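Report on the following structure.
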Amino acid sequence: MSIRVRFAPSPTGNLHLGTARAALFNWLFARRTGGTLILRIEDTDMKRSETAFEASILQGLEWLGIDYDEGPDKPGSTGPYRQSERMVDGAYNSVAQALIASGHAYRCFCTPEELDAERAHADASSRPYVYSQKCAKLTADERNARLAAGTTHTIRFMIPATAGIIAFDDIIRGHLEFDSQLLGDFVMIKSDGSPSYNFAVVVDDIHMQISHVIRGEDHISNTPRQILVYQALDKAIPLFAHLPMILGPDRSKLSKRHGATNVIDYKAEGYLGTAMVNYLALLGWSPPDEKEIRSVAEISDLFELERVNKSGAIFDLKKLRWMNAQYIRQFSADALLAQIIPVLSPAISSGFLAHSPATQLAMIQLVHDNFELVPEVNIALKVFFLNDTEYKSMLDAFTFSAEDRLVAQAFLNQVSTATTFDDAVVAQLLETVKTETGFGTGKVFKPLRKICSGYESGPHISTVISLLGAECIQDRLKRFLSA
RNA sequence: GCCCCCAUCGUCUAACGGUUAGGACACCAGAUUUUCAUUCUGGCAAUCGGGGUUCGAUUCCCCGUGGGGGUACCA
C-alpha cells in the first residue's frame, strides 16, 4: 500500500499556526516515508470561504518551505483538489444517493426550529442530545409528499443501531473507543446541497486514496463518525494520527486574543521561515538526540510519528525569537545583506544603499549579532544614519565633564592629522589619545562613543567611527567643543 | 450536562520498570568584551494527589483533581 497523506485547510482565514504545524507534520511524514502529500482545499462553506485566503495559505506554505505533490495548482490523478469543484462534479451527491439506496442514509425535513426544540428538550432533561430520527421513520408516502411539495431537506447518515463500540488505534494515542449510540445521525448533505465536513472528508479521502490521516486533536471526536461512513461504503479505513494542540499562554486553544496566529504575520514581523519551521517541528516532536537547531531536511530524515507526544504545547514566542536569532547569526554577511535590504526603513535605506558594497558589508558585519528579528536591523544600523536633530537631542541627554572635553579635543587633534581613516587607524588614534591624556580606556572610550555616535552603547566604537568617516567625526567633535 | 483526550522544571521536552530525573528557552550569577549585545562557564527549577501491581515505579492499573477538545445544516 502506498503512503498518501493530505492536509486540508479551509480558506476561511490565513494560514493558522495550528494548521501550518499539521501541514508540516504531514510533510515530514511524507518526505520521511517517500509518500505523496496532497493539498486539498476544503471550501464547502461558501459563506466564509474566500479565494484571497486560499492564495494567502499557499503563500504561507511557500514561506515555510512546505511543498506538496498534488494540489489545486499541481494536478494529479485524484483531482480536482477543491471541494467546491468536486461538488460541481457531483462527487458528494452521488455517494449520498448511494447511501440512501443502501439504507445508510435518509432525507430529513426537520426545520432548524424543530431541531432547536429537540436540543432544548434534551438540555432541559440534562440528557445528551442525539437527533430523534423522526424523519427516518417517515413512510414512503409522507416522504414523497414533502419531496413533491419541494420542502427543503438535508440528508442524514444513519448511525447503525448495531454499531456498538467503535474503536481505532491512533498512531500517536493508541487504542481509542467510542459509544456509537451517543453519536446521533449527522447531516451529510446540507439543505443547500453542499456536503458537510464529516462526509466530504471521507468521500475525498477515499477518492484521493489517503492512507494516513494526520490532523489536529480537535478531530478525534469526529473520527468515529467518519469510520462509520467508511464502513457503510465498504471502504478501507485509513490510519489515524491525532496531533496535540498548540496552546496560548493560558493553555486554551491558540486564538487571536493570544496575539498573532497567522504564519504570514510572523513573516511580516521579521521571522525567518526556516526558523519558524524548526520551532514548529519541536512543538510536539523531539529528535532522538538533543540537537534542536536543524534544517527541515535533517528533521525529515529523523521524523517519526511514534515520537510525537500527546499533550498540548504552549506557543513560546521567546524561544521562537531566540531560534530566529540563531538562524540570523548563521547567515554569511552576503546572505544577511540580501535578507535585510528589503526591510530597510525609509530613514536608513537611501543612506545605506548610497554606500559602497564593501561599506555595506562592513556595517552588516558589525551589527550581525545584535538583533533577533530581521527588521530590527534598522535599530542596529540607526547609529550610522542619525540626522542632525536626532543626533543633537541624543547628545543633549548626556552630561559631560571637563575631562571629557579634554579627551574630545585630543581626539580631534588626532583625527585632523590622520591621512587615512580605517578601523585600524582609528584604533591607533584612540590609543594615542590614551597616552597623551594619561587616561584609562573607560575615560577615553565612553565620552568619545557618546560624542561621536550619540549612543552610550553599541558595536565596536573604533569601527563605528571609521565607518562614520573623518568628516562627520570632525564636525561632531568641533560642534561639541564649541558648544 | 454528556463524550473524549491529556498531565515531568515557569515554558518546550528526554528518560527498554532500575539515571545523582537529562537537554533547550527564560531567569540569576561569573568570565570575556572599552560599553550594550554576542559567546563561554556555573546556578535556580519538575515527575498533580491518593491508592494499588512490583524487589523496585516518571514509566503499568484504578480513583480523584486539574487542564484541554468535542458536543452545529463550521471545518
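Only a predicted model underlies this, so the values are computations on that prediction, with no experimental measurement involved. Excluded from the calculations below are hydrogen atoms, water molecules and symmetry mates; all remaining heavy atoms, backbone and side chain alike, are included. All chains are named by letter (A, B, ...) in the order of the sequence lines, taking the proteins before the strands, and each is independently numbered beginning at 1.
As rounded to whole Å, 13 Å separates atom C1' of B/U58 from atom NZ of A/K310. One can place NZ of A/K291 at 18 Å from C1' of B/U13, the figure rounded to the nearest angstrom. Between A/M323 atom CE and B/U11 atom P the separation is 18 Å, expressed in whole Å. The interatomic distance linking A/R294 (CZ) with B/U13 (P) rounds to 16 Å, in whole Å. As rounded to whole Å, 18 Å separates atom P of B/G69 from atom CG of A/D170. If you take CG of A/L254 and C1' of B/C12, they are 15 Å apart, rounded to a whole angstrom. At whole-Å resolution of the value, CD in A/Q326 and P in B/C12 are 20 Å apart. A/N309 has its CG atom 14 Å from the C1' atom of B/G68, to the nearest Å.
Note on A/K446: nothing from the nucleic acid sits closer than 4.0 angstrom, heavy atoms only. Residue A/R449 is in base contact, counting any heavy-atom pair closer than 4.0 Å across all strands shown. Using a 4.0 Å heavy-atom distance criterion, A/F178 is classed as a sugar-phosphate-only contact. A/R173 comes within 4.0 angstrom of sugar-phosphate atoms only, judged by non-hydrogen atoms across all strands, and of no base.
Taking every heavy atom of both residues into account, A/G270 and A/N324 meet most closely at O-ND2, 3.3 Å. Considering all non-hydrogen atoms of both residues, A/Q97 and A/I155 come closest at NE2-CD1, 4.3 Å.
For the P atom pair drawn from B/G68 and B/C12, the interatomic distance equals 14 Å after rounding to whole Å. Going from the P atom of B/G22 to that of B/A45 covers 12 Å, rounded to whole Å. Here the separation of B/A75 from B/G17, taken at their C1' atoms, is 43 Å to the nearest Å. Using atom C1' as the reference point in both B/A21 and B/G56, the two lie 16 Å apart (nearest Å). Taking the P atoms as reference points, B/G70 lies 45 Å from B/C55, given to the whole Å. A gap of 16 Å separates the C1' atoms of B/G66 and B/U47, to the nearest Å. Here, B/U32 and B/C60 have their P atoms 49 Å apart, quoted to the whole Å.
For residues 152-164 of chain A, every residue pair satisfying the side-chain hydrogen bond (donor to acceptor under 3.5 Å, both in side chains) rule, not counting sequence neighbours, is listed here: A/R107-A/H153. Residue pairs meeting the ring-ring contact (aromatic ring centres under 6.0 Å, His included) criterion with at least one partner in residues 182-201 of chain A, sequence neighbours excluded, are A/F157-A/F186, A/Y197-A/H219.
Of the residues in residues 422-439 of chain A, not one comes within less than 4.0 Å of RNA chain B through any heavy atom. Near RNA chain B, defined here as any heavy-atom distance below 4.0 Å, the residues from residues 276-286 of chain A are A/L282, A/L283, A/G284, A/S286, listed numerically.
For the 3.5 Å distance criterion, the side chains of A/D423 and A/T463 qualify, holding a donor opposite an acceptor. Looking at A/R257 and A/S252, their side chains do bring a donor and an acceptor atom within 3.5 Å of each other.
Few gaps surround NZ on A/K137; more than 12 heavy atoms of other groups in view lie less than 6.0 Å from it. Summarising the local packing, CZ of A/R307 is surrounded by more than 12 heavy atoms from other residues, nucleotides or ligands at distances under 6.0 Å.
Ring orientation note: the planes of A/F398 and A/F400 are nearly perpendicular, at an angle over 60° on the 30°/60° scale.
Comparing A/G458 and A/L176 along RNA chain B, the residue whose closest nucleotide (by nearest heavy atom) sits nearer the 5' end is A/L176.
Of the nucleotides present, B/G70 is the one that pairs with B/C2 by Watson-Crick or G-U wobble criteria, both distances under 3.5 Å. For B/C28, the paired nucleotide is B/G42, the pair qualifying as Watson-Crick or G-U wobble because both relevant distances are below 3.5 Å. Pairing partner, B/A15: none, since no Watson-Crick or wobble contact has both distances short of 3.5 Å. Pair check for B/U8 finds none; no Watson-Crick or G-U wobble contact set falls under 3.5 Å.
If you check distances only, the side chain of A/H460 does reach the base of B/U34 with a donor-acceptor pair under 3.5 Å.
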Any chance you could list the contact pattern along nucleotides 70-75 of chain B? Use B for base contacts, S for sugar-phosphate-only contacts and - for none, protein heavy atoms under 4.0 Å, 5' to 3'. S-SBBB
I'd like to compare against my own output: the B/S/- annotation of nucleotides 17-26 of chain B with a strict under-4.0 Å heavy-atom distance to protein. -----BBBSS
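For A/K446, the salt bridge (Lys or Arg N to Asp or Glu O under 4.0 Å) test picks out no residue, with sequence neighbours left out. Partners of A/R476 by salt bridge (Lys or Arg N to Asp or Glu O under 4.0 Å), not counting sequence neighbours: none found. Residues satisfying the ring-ring contact (aromatic ring centres under 6.0 Å, His included) criterion with A/Y106, sequence neighbours excluded, are absent altogether. In terms of the salt bridge (Lys or Arg N to Asp or Glu O under 4.0 Å) criterion, A/K310 has no residue partners (sequence neighbours excluded). A search for ring-ring contact (aromatic ring centres under 6.0 Å, His included) contacts involving A/W285 returns A/F303, not counting sequence neighbours. Applying the salt bridge (Lys or Arg N to Asp or Glu O under 4.0 Å) criterion to A/D205, with sequence neighbours excluded, gives A/R6, A/R40.
Looking at A/D218 and A/K253, their side chains come closer than 4.5 Å, going by heavy atoms from C-beta outward.
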